[in-house]
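Please read the structure below before turning to the comments.
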Amino acid sequence: MKKQDNKEYMQWWRDARFGMFIHWGLYAIPGRGEWVMNVEGIPPEKYRKLAWEFNPRYCDMRQWAKLARDAGMKYMVFTSKHHDGFSMWNTAATDFNSFKTAAKRDFVAEYVEACRDEGLKAGIYFSLVDWNHPDGDMKGLDDLEARKRYVEFATEQVRELCTNYGKIDIMWYDGCFFKKRNQYYWRDSGLNEMVRELQPGIIINNRSDTPEDFGTPEQHIKPDPEGKDWEACMTLNGSWGYYRGAEDWKSVREVVQMVGTCARSGGNLLLNVGPDADGLIPAESERILREAGRWFRRNAEAVYGTRVGNIGFGGYYGPKTVNGNNLYVWTKYWPGSEFVMSKLHCKVKRASLLSGNIPVDFEQQDHRLFLKNLPENPPDSPFTVFKLEIGGDPYHISGPGLEPYSDWNDFGG
Ligand code: GLC
């Protein structure tokens, strides 16, 4: 894997590893996902009526931010506007927004404040498709004037988001589909130049028709082949926006494994929650995140601030991460009293169980490492992490050019 380039403003993001994605808007009322308007063919006039029903009683973004923090997440990304076009802030560009309808609330303001109060970085998701703007669904549009009108409208909205809420840390665009038919691309419109001028140091994703700072594999985990920064975004239950029947919950073990798999390959995980129409994050999401968070707290140094190292596939038991001169071996299949790994081409100074910092007896024979006299039952769950302190750069690899990685749900070794 290639070395990352030296963008200093990316450092906090590269260290963070784990963030919360929040999909929340009018679509939470029907409760059948954020594409409901499109999927069910709801006419815009009818869909717009939802804005006069949307008045979430229990929405307290502080609670969301606290949950993210307890889950071990370092940043959040919130849907300021999804494809349905409903703006979750007091925008001057359209009345179809949460401030000028039933809720009378500026949710972006509440969100940014909650992030700041809880010490989290604030990211804003913004859809470049707008099903409620007459020129906003760019499918099949060959009318250059219409394109310009719409790009100007969206640019104005992005300007507001980058001007009215203090520091914004991430701009997370979505919906730059249909680009082949567009004659007036986002990249020609000066949109991101404006964003960077208004928000120095902001980190921008790759979904506005230019690569910008990071790639966004969706619902799968795959490192960028050219070694660029990347962040995998994943649902926790199969749906982004609140969907009453979506119960494909990922387990705590899967959440931990996903973060580990991202970390070992130099990426982040942006894990989604979809609050309901009252503004409550589903109880099962909360349970899973809290439990995962306790594990991340116990094993923090194996996660945050890790970097891509000279590590390769070594077993079926889990990912390995590198932090400083330490190699962290995560194992979900506890072997009992002895753990053996091979192809470790460096000298171990000390071995321990990370959680609790309990020293472990070990022996090295050539490239083989034997961790001995271990407890019969796994000391930590869902993964136990061994910390191996190395004299220099950890080097665990079986040969040059090895790229064992294929997808998040493979062994992730
Ligand atoms: C897709 C979907 C969208 C979701 C997003 C998350 O582009 O259109 O509903 O917000 O991916 O990555």
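As the structure lists them, so they are numbered: ligands from 1, and atoms in each ligand from 1.
- Contacts of Trp172 with ligand 1, taken as heavy-atom pairs under 4.0 Å, involve the side chain alone.
- Every residue two or more places apart in sequence or in another chain that forms a side chain to side chain donor-acceptor pair (under 3.5 Å) with Asp70 is listed here: Arg290.
- Under a 4.0 Å criterion applied to the non-hydrogen atoms of Tyr125, ligand 1 contributes the atoms 10 (O).
- Just one residue in the list Asp106, Val108, Thr91 forms a side-chain contact (heavy atoms from CB on, under 4.5 Å) with Phe99, and that residue is Asp106.
- Of all atoms in ligand 1, numbered sequentially from 1 with element shown, those under 4.0 Å from a heavy atom of Trp35 are 2 (C), 3 (C), 8 (O), 9 (O).
- Each of Trp35, Tyr47, Phe54 was checked for a side-chain contact (heavy atoms from CB on, under 4.5 Å) with Tyr27, and the lone residue meeting it is Tyr47.
- Ring planes of Phe21 and Trp172: tilted class, angle from 30 to 60°.
- Here is the list of ligand 1 atoms found below 4.0 Å of a heavy atom in Asp174: 1 (C), 2 (C), 3 (C), 4 (C), 5 (C), 7 (O), 8 (O), 10 (O), 11 (O).
- Atom numbering of ligand 1 starts at 1 in the shown order; those under 4.0 Å from a heavy atom of His82 are 3 (C), 4 (C), 9 (O), 10 (O).
- A side-chain donor-acceptor contact under 3.5 Å links Asn192 and Tyr173.
- Looking at ligand 1, you won't find any N or O of Trp240 less than 3.5 Å from one of its N or O atoms.
- By the criterion of a heavy-atom distance under 4.0 Å, the side chain of Arg207, and not its backbone, is placed next to ligand 1.
- For the 3.5 Å distance criterion, the side chains of Lys167 and Gln199 fail to qualify, holding no donor opposite an acceptor.
- Taking every heavy atom of Cys233 and a limit of under 4.0 angstrom, the matching atoms of ligand 1 come to 12 (O).
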